[in-house]
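Below: the structure, in structure tokens.
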Amino acid sequence: MIWQIDVIILVMVIIIAIGVISIKNLLSVGILFGAYSFMMCLLWAIMGAVDVAFTEASVGAGVSTVFLIAAIFRTSRGSKD
Amino acid sequence: MDNYLFFIVSKFNYWGVMILIMIGIYAIISKQNLIKKIIGMNIFQTAIILFYISIGSKKNASIPILHHLNEHTQKINPDDFVNPLPHVLMLTAIVVSVATLGVALSLAIKIYQQFGTLEENIINNKIAADNNRQSVIDRL
Amino acid sequence: MKIIGIITILLSGSIMIYSTLDFPEWGDPLSPANTHLSVYYIENSMPDTSVPNIVTAILADYRSYDTMFETTVIFAAGLACFLLLRNFRKKKKEYSLYRHIPTGVTLKIKNSADLADDTKLFQRIDSTWVPFDLVTRTASGLIVPFIQIFALYVIAHGHHSPGGGFQGGVIFGAAFILFAISYSLRESLKIISEKTAVILSCVGVMIYAGTGLLCLLFGSNFLNYGSLAQILFTDPVSARSLAILFVEIGVGLAVAGVMIWLYYNISSSGKYNQGL
């Protein structure tokens, strides 16, 4: 638990979260959400929650990105806001 | 000066959680696109998980995996290991979150097949137009 | 709507940030959450279950009733996705595309249900056709078996390292999803059909519940693995460790099946004719 690294990763997580909800192209939203999940996974690995970090790396950055992109592929790619 | 630094270090993680919760609620309330709303819900979920994990963390503690060899020789000190209980609760929550993401996305696909769009205001207008037409037919 | 959203989050956010002043310090070993129940788990999980990873011990033994219904929730989510999206009816207007391999001409054929997918001259293609990609197919074909072996390792080694049924099942499903993306949905349906995926997830949930029922049969409480020592020929502590492995295998099967099932339904929006 090193708080300096934690601050840096936390700021990056917040910046990516703001980017995720403000970008208009939904395909890049899907990819950026994978990056968000991976940053979150690093944050948990720093705090010693190795099982949770492993789960998030496989679930959040892996499968849920695929699901999001599959759903965007089947619906529309653009968003108005 | 050291007092302020200590205060910030002991609280900044919770502030990060609150900011992520605010971003999630903002996306749920004011974004019109349904995929954006689903992503806001997921951000909210991960913020809650981060809150639980930061509750369970301890200073100068190791990960919650014990040694196999010295199981009977050494007394285990609980302060040396991170609190494992929030990890268990949140591990299952993450896997359930991907399942709920699947259900939410299939609902979004179904709505897109019905209305041809994912924007909430356009869907509302179409439903209102349908209701108006129906009421005109009823009056006739 | 935007202004309402901003006002709402500013009000609630300021209240929440003000409330953090009363929280215990981050990383305080003496905070209330770290001093009551978790101390028991850390001190006694090794003598009770002989599993070094405390998280696995709590997940599959102390709180296994919780985990059983989490697995059921995942299965129910797969079922809900299936009931929402699956489309069994074949529309009359449905057509499929066939590509003549020597010339590259694409034919659009109506009512093509009774035609074979692949012949020597004709090849069935998706509506967004991409040329045969040697690099992607070879690389994913090489890497998929190793990912699957790693998934089995994660399930089996969850006692000693981070990992367990949930992670291993998700990795197993993700390996198959990689195969389905790099080849096509029809070829992956030949290997694991929809029926197989559903049966896999049902069997996983039933292994979990069956382990619990077996404990009932030997005269102890539901999911109290200690009584399984009679059929496993070990002491009760090792019996708990072994029963945790059975339970993790059940969770892994259920999660892998549901992940594949969800991917099939979402990527083809319930028609199972063409994927991503």
Side-chain angles (χ1 to χ4, degrees), chain A residues 1-11 13-14 17-18 20-24 26-27 29-31 33-34 37-38 40-77 79-81, chain C residues 1-2 5 9 25-29 53-59 74 77 81 85 126-128 147 150-151 154 157-158 161-178 180-181 185 252 255-256 258-271 274-276:
Chain A
M1 204 177 95
I2 305 162
W3 67 269
Q4 288 91 343
I5 300 177
D6 198 287
V7 169
I8 296 168
I9 305 276
L10 195 62
V11 169
V13 162
I14 290 169
I18 292 170
V20 163
I21 65 164
S22 54
I23 288 179
K24 287 180 182 163
L26 286 180
L27 205 58
V29 164
I31 300 296
F33 192 66
S37 293
F38 194 72
M40 217 56 171
C41 153
L42 284 181
L43 205 54
W44 293 331
I46 290 165
M47 282 191 224
V50 276
D51 279 270
V52 186
F54 194 4
T55 316
E56 178 73 16
S58 57
V59 169
V63 176
S64 70
T65 310
V66 174
F67 285 172
L68 264 176
I69 288 174
I72 290 162
F73 188 73
R74 286 286 154 222
T75 57
S76 68
R77 190 180 288 189
S79 157
K80 279 185 183 161
D81 51 353
Chain C
M1 208 60 187
K2 240 169 208 173
I9 64 154
E25 292 159 23
W26 180 56
D28 183 12
N53 191 349
I54 309 173
V55 175
T56 306
I58 301 175
L59 182 83
I74 292 164
C81 189
L85 282 180
D126 293 348
S127 58
T128 52
I147 301 177
F150 178 66
V154 167
H157 210 256
S161 63
F166 285 109
Q167 293 95 328
V170 169
I171 291 172
F172 197 89
F176 195 75
I177 289 172
L178 172 67
I181 289 175
L185 192 74
V255 173
V258 170
M259 288 301 148
I260 295 168
W261 197 16
L262 278 177
Y263 173 75
Y264 282 166
N265 274 318
I266 291 176
S267 71
S268 67
S269 64
K271 286 184 196 138
Q274 53 182 14
L276 207 57

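In the text below, chain A, chain B and the rest are named by the order of the sequence lines, each starting its count at 1. Atom set for the values below is all heavy atoms of this structure, side chains included, hydrogens, waters and symmetry mates excluded.
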Among residues 42-50 of chain A, residues within the sub-4.5 Å heavy-atom range of chain C, in order of number, are Met47(A), Val50(A)
Query raised in the report: Is the shortest heavy-atom distance from the side chain of Asn53(C) to the side chain of Asp51(A) under 4.5 Å?
Result: yes
Sorted by chain and residue number, the ring pair (Phe, Tyr, Trp, His ring centres under 6.0 Å) partners of Trp3(A) (sequence neighbours excluded) come out as none
Cut-off 4.5 Å, heavy atoms of chain A, and the answer for Ile177(C) is side chain
Are more than 12 heavy atoms from other residues, nucleotides or ligands located less than 6.0 Å from atom CZ of Phe176(C)?
yes
For Ile266(C) and Arg74(A) the tightest heavy-atom approach is O-CG, 3.6 Å
Quick one, Phe54(A) and Ile171(C) - any side-chain contact, counting heavy atoms below 4.5 Å? yes
Under 4.5 Å to a heavy atom of chain C? For Val59(A) that would be both
If one checks every heavy atom of Val255(C) against chain A at 4.5 Å, the contacting part turns out to be neither
Honestly, the part of Leu262(C) sitting under 4.5 Å from a heavy atom of chain A is both
